[in-house]
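Here is how names work: the chains are called A, B, and so on, in the same order as the sequence lines, proteins then strands, and each is numbered from 1.
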Number of protein chains: 2
Amino acid sequence: MQTIERKVRSREQTRSGIISTAKAIASQEGWQAVSIRKIADAIDYSAPVVYEYFDSKDVLLDEIRNEGFRYLYKEYDRILKLYRDPEKRLYEISLIQWDFARQQPEIYQVMYNLDGAYCTMPVYQSEAMQAVSRIVEEIIFSFIPKAKESIKRLYFQWWSASHGMIMLSMLLKDEQPLDQSEQIYRETMRRFVRDLR
Amino acid sequence: MQTIERKVRSREQTRSGIISTAKAIASQEGWQAVSIRKIADAIDYSAPVVYEYFDSKDVLLDEIRNEGFRYLYKEYDRILKLYRDPEKRLYEISLIQWDFARQQPEIYQVMYNLDGAYCTMPVYQSEAMQAVSRIVEEIIFSFIPKAKESIKRLYFQWWSASHGMIMLSMLLKDEQPLDQSEQIYRETMRRFVRDLR
DNA sequence: TCAGATGAGTTAACACCGTTAACCACCGAC
DNA sequence: GTCGGTGGTTAACGGTGTTAACTCATCTGA
């Protein structure tokens with residue numbers, strides 16, 4: 001008789017298999033092409049087993065989205081340990097945001113409901129997203145200790161600047177090479193951080 | 001026998017009927033809920049007649065998107081006639097962008113493939129979008145006459161700043177009131193325009 | 001006036017989608 | 001040896017975009 005751990009491990013394996021094939025399909029054919037049946041086929045199961053792991057397609061997408069935010073959190077945390085200067089920290093975090101969107105665009109898409117990816121759950125209610133927000137807000141605070149409202153405002157501006165340019169770069173990538181966009185992005189974020197002083 | 005004009009007019013009426021009910025459904029239930037059959041029902045036809053007017057759902061969405069860009073173009077043009085100062089012009093255009101996104105979010109969504117709206121045709125190939133780009137680039141040029149590359153770069157930065165903040169404001173509208181976001185938006189765009197000097 | 005063409009609109013179908021109910025076969029326990 | 005649960009299946013429901021085939025009225029030309 002297989003131990004209970006063994007069963008749990010196997011469950012977690014197929015669960016992460018569902019997630020990673022969903023991401024794989026999205027990466028190759030776009031989120032619009034991701035369907036429960038296609039995922040099930042890819043992992044050699046019938047469609048209903050997917051529902052043993054995720055109540056709906058929506059919560060599957062939500063899980064992938066949260067995975068994305070958790071990944072970002074981890075990376076931001078790494079930067080926190082790597083540098084002490086708040087200016088440097090915020091700039092490096094901006095770069096991570098760029099690299100993430102560039103290397104895993106599907107995840108970035110589902111995080112912001114971009115390009116056919118559509119997840120009903122509101123982003124701002126995601127615990128993982130709030131953790132990410134908190135970490136950046138803390139950096140900004142250590143930078144210029146102001147009232148909470150001001151910090152929120154500055155974070156909103158930083159987020160907008162970063163996300164806006166990333167989104168537009170992806171949108172125009174066939175017109176304006178990504179390397180060029182990256183250069184402008186770096187300069188813009190550097191300027192933003194500098195002007196914070 | 002009804003004249004040929006009469007027939008053409010009727011055709012154009014049902015055509016614009018299709019477009020406006022698509023927008024109406026999107027406005028009330030989101031783009032995800034927009035289906036050919038639902039549109040057909042609303043205009044008291046069967047589904048296939050929609051295909052007499054639009055080859056596919058995709059080109060219907062593309063038409064709505066282009067309508068959006070044409071509207072923006074018209075508004076920008078109005079500003080051009082209203083003010084002569086390039087600084088004022090660019091700032092006013094930024095405000096139009098905001099009002100447009102706020103008053104007709106469905107259109108804004110389909111223009112940028114946001115929130116479940118998904119149109120395959122690439123935006124940057126839209127003639128209407130390019131006209132909008134040109135008009136803003138010309139304003140920036142009259143501002144600071146530089147090489148074409150620099151203008152494109154500045155336009156990209158302006159567009160990013162505006163679009164990024166608009167998108168995030170919509171995303172966070174239940175957390176951060178839109179009026180507050182608008183205030184920050186105005187200040188940010190004002191600063192952008194000022195720093196251009 | 002009557003046959004034929006035209007064209008607007010329909011129904012029915014195909015293949016897919018998310019989701020759920022019903023079922024089946026196996027495997028450990030008593 | 002029979003029972004219950006567990007992991008998996010098939011089949012179905014209502015919906016999607018899209019197309020082929022059909023109907024039927026109206027207009028055209030002889």
Start with the C-alpha gap between A/Y112 and A/Y108, add the side-chain angles, then the distance that decides, and say whether ring pair (Phe, Tyr, Trp, His ring centres under 6.0 Å) holds. CA-CA 7 Å; A/Y112 292 99; A/Y108 197 83; 4.9 Å; yes
Could you list all the salt bridge (charged side-chain N to carboxylate O under 4.0 Å, His left out) pairs where at least one residue sits in residues 112-122 of chain B, not counting sequence neighbours? none
Rounded to the nearest Å, what distance is computed from the CH2 atom of residue B/W31 to the P atom of nucleotide D/dG17? 12 Å
With no hydrogens and no angle check, do the side chains of A/S133 and A/W159 hold a donor and an acceptor under 3.5 Å apart? no
State, without any angle test, whether A/Y185 and A/S162 hold a side-chain donor-acceptor pair at a distance under 3.5 Å. yes
Send over the distance from A/Y45 OH to D/dT9 C1', rounded to a whole Å. 12 Å
Distance check needed: D/dG8 P versus A/E52 CD, whole Å only. 7 Å
Are more than 12 heavy atoms, taken from residues, nucleotides or ligands other than B/D55, located less than 6.0 Å from that residue's CG atom? no
Take the protein atom CZ of A/R11 and the nucleotide atom P of D/dG7, then report the distance between them rounded to whole Å. 8 Å
Value in whole Å for how far the C1' atom of C/dG9 lies from OH of B/Y53: 10 Å
Once each nucleotide of nucleotides 11-18 of chain C is scored for protein heavy atoms under 4.0 Å, what B/S/- sequence comes out, 5' to 3'? B-B---BB
Side chains of residues 26-37 of chain A: which donor-acceptor partners sit under 3.5 Å, not counting sequence neighbours?
from  : atom 1 : to     : atom 2 : distance (Å)
A/W31 : NE1    : A/E106 : O      : 2.9
A/S35 : OG     : A/K38  : N      : 3.1

Tell me: CD of A/Q32 to P of D/dG17, nearest whole Å? 11 Å
Between atom CD1 in B/I39 and atom C1' in D/dT16, what is the gap in whole Å? 12 Å
